[in-house]
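Comments concern the structure below.
When a ligand or atom number is given, it counts from 1 through the structure's own listing order.
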Amino acid sequence: MKKMLSGIKPTGRVTLGNYIGAIKPFVSYQDEYDMYIFIANLHSMTVYIEPKELRKNTKDLIALYIAAGLDPNKVTLFLQSDILEHAQLGWYLGCMVGMGDLARMTQYKDKLAKNESIGAGIFNYPSLMSADILMYDPDFVPVGEDQKQHVELARDVAEKFNRRYSDTFTIPQPLTAKVGGRIMDLQDPTKKMSKSDEAGKGCIYILDDIAVSKKKIMSAVTDSDGIIAFDRTNKPGISNLLEIYSILTDRTIQDIVNQYLGVGYGVFKKDLAEILGQELTTIQERYQEIIKGSYLDDVLLQGATVARNIARKKLAKVERKIGITIKK
Ligand code: ATP
Ligand code: LTN
């Protein structure tokens, strides 16, 4: 069975972008792959989050994964911070990554361009992410478009390490979805729907009031020609809604376009709002069950036990190879 691994940061409330781009695909992969999914809470420290909020985001994320259909008995679900080996391997790998390579990363450049004061964590981010990945030897790393560059960097580090020492890490492949890899903001469809977006008007949150989410679909920015067609460049708004529709219903975009030939945007949006409402209702009901009691703690303990066992062995192997361990 091939291995797959991915992480998601608990930096904010989970959005429809996260759900479509990350959570839903993971659920569909769980029967086919040996899967490792973790909450990248160390990565979330690259932005300031109120401790209370971070705790809530983290619990909600795990609960939402399970509510969306991820089965903790099939998938190893864990917290990054529970496995201390990530930070240690991240240090070793960080010593091998070039400053120039880190400075080329779009995520870092974007944050830098915003001119806010940023910590060194955002620069070193891909070293830790390389450790997260390489620790478990996954064949595939499903991520959104924005994270592909970081996975490519992890491949480069793995190749460098394997060359310099000896074969140690599997070279992972990023896996980006053709549809749904980049859900756009509903008010500005030229920009990614982002949970760290303050205003949140163009962003749907999975745990939000369903009526509010439906309204956001109804008031999504489209264009004035009134034709339902897929064209990301010239019709980014309606194309984005078509992608959302396609993923939620598991139908092809072409099939949906055919259904709405000659029909106005209003009808299409109303149907999509209904479909989204139903999906959110199901998830929210399950979430309410999962969040109660100590179930989540048990799931995380089970996941950490499995992950730690792999991580310990891998780190020990690395430390032997690089000469940190003095006992041969
Ligand atoms: P931020 O918006 O603060 O950068 P984020 O939601 O992009 O946060 P993560 O929580 O790390 O960042 O994202 C988790 C996963 O969800 C990643 O695989 C990411 O690529 C994917 N993802 C995030 N936003 C979208 C989106 N708008 N469309 C599709 N996938 C997305
Ligand atoms: N950087 C990723 C989260 C993340 C991740 C990983 C994804 C941290 N470590 C390892 C895949 C594999 C993000 O922002 N989505």
Can you tell me if I20 contacts ligand 1 (heavy atom of the residue under 4.0 Å from the ligand)?
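So I20 does not count as touching ligand 1.
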Just say parallel, tilted or perpendicular for the rings of [X] and [Y], cut-offs at 30° and 60°.
X: Y33; Y: Y29; result: perpendicular
X: H150; Y: Y125; result: tilted
X: Y65; Y: F26; result: parallel

Heavy atom under 4.0 Å from ligand 1: found in D146's side chain, backbone, both, or neither?
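Near ligand 1, D146 shows its side chain, while the N, CA, C and O stay back.
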Residue portion contacting ligand 1 (non-hydrogen atoms closer than 4.0 Å) for M193
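Both backbone and side chain.
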Without hydrogens or angle criteria, can the side chains of [X] and [Y] be said to hold a donor-acceptor pair below 3.5 Å?
X: N41; Y: S81; value: yes
X: Q254; Y: N258; value: yes
X: Y265; Y: D225; value: yes
X: Y295; Y: E289; value: no
X: T168; Y: K317; value: no

May I ask whether K9 places a heavy atom under 4.0 Å from ligand 2?
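Yes; K9 lies near enough to ligand 2 that a heavy-atom distance drops under 4.0 Å.
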Ligand-side contact atoms (ligand 1) for residue partner [X], heavy atom cut-off under 4.0 Å:
X: I8; result: 10 (O), 14 (C)
X: A22; result: 15 (C), 16 (O)
X: I183; result: 26 (C), 27 (N), 28 (N), 29 (C)
X: G21; result: 29 (C), 30 (N)
X: S194; result: 1 (P), 2 (O), 3 (O)
X: V143; result: 18 (O)

Distance from atom 8 (C) of ligand 2 to nearest protein heavy atom, with residue and atom
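Residue, atom and distance for the closest contact: H43 ND1, 3.3 Å.
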Considering non-hydrogen atoms of the protein only, which is the closest contact for atom 3 (C) of ligand 2, and what is the distance?
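Among all protein heavy atoms, the one nearest atom 3 (C) of ligand 2 is G7 O, 3.7 Å.
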From CA spacing to verdict: side-chain hydrogen bond (donor to acceptor under 3.5 Å, both in side chains), Y108, N124:
CA-CA 9 Å; Y108 164 69; N124 282 319; over 6 Å; no
Check each atom of ligand 2 against the heavy atoms of [X] and keep those under 4.0 Å away; list them by number with element.
X: Y125; answer: 1 (N), 2 (C), 13 (C), 14 (O)
X: A40; answer: 8 (C)
X: I133; answer: 10 (C), 12 (C)

Which pair of non-hydrogen atoms, one from D132 and one from H86, has the smallest distance, and what is that distance?
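Looks like OD1-ND1, 2.8 Å.
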With a 4.5 Å cut-off on side-chain heavy atoms, are D60 and I206 touching?
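They are not in side-chain contact.
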Measuring only between side-chain heavy atoms, which start at C-beta, is L280 closer than 4.5 Å to D208?
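The answer is no; the side chains never approach within 4.5 Å.
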Looking only at distance, does G17 have an N or O less than 3.5 Å from an N or O of ligand 1?
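N/O-N/O distance under 3.5 Å: yes.
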Looking only at N/O atoms, are G144 and ligand 1 under 3.5 Å apart anywhere?
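For ligand 1, there is an N or O atom that lies under 3.5 Å from one belonging to G144.
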V141 and ligand 2 - part of the residue with a heavy-atom distance under 4.0 Å:
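Near ligand 2, V141 shows its side chain, while the N, CA, C and O stay back.
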I need the contact type for F38 against ligand 2. Using non-hydrogen atoms and a strict under-4.0 Å cut-off, is it side chain, backbone, both or neither?
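For F38, the contact with ligand 2 is made by the side chain alone.
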Closest to atom 5 (P) of ligand 1 (judged by heavy-atom distance), picking from K192, E243, K9:
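Looking at heavy atoms only, K192 sits closest to atom 5 (P) of ligand 1.
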I want to confirm something. Looking only at heavy atoms, which of D185, N18, L16, T11 is nearest to atom 16 (O) of ligand 1?
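Looking at heavy atoms only, the winner is N18.
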Any N/O pair Q147/ligand 2 closer than 3.5 Å:
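By distance alone, the answer is yes.
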D132 to ligand 2: N or O pair under 3.5 Å?
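Looking only at distances, the answer is yes, because the N/O contact criterion of under 3.5 Å is met.
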Stepwise salt bridge (Lys or Arg N to Asp or Glu O under 4.0 Å) test for E243 and R232:
CA-CA 10 Å; E243 277 201 45; R232 270 202 197 100; 2.6 Å; yes
So if I apply the ring-ring contact (aromatic ring centres under 6.0 Å, His included) rule between Y136 and each of F38, F169, F78, which one comes out positive?
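Exactly one candidate clears the test, F78.
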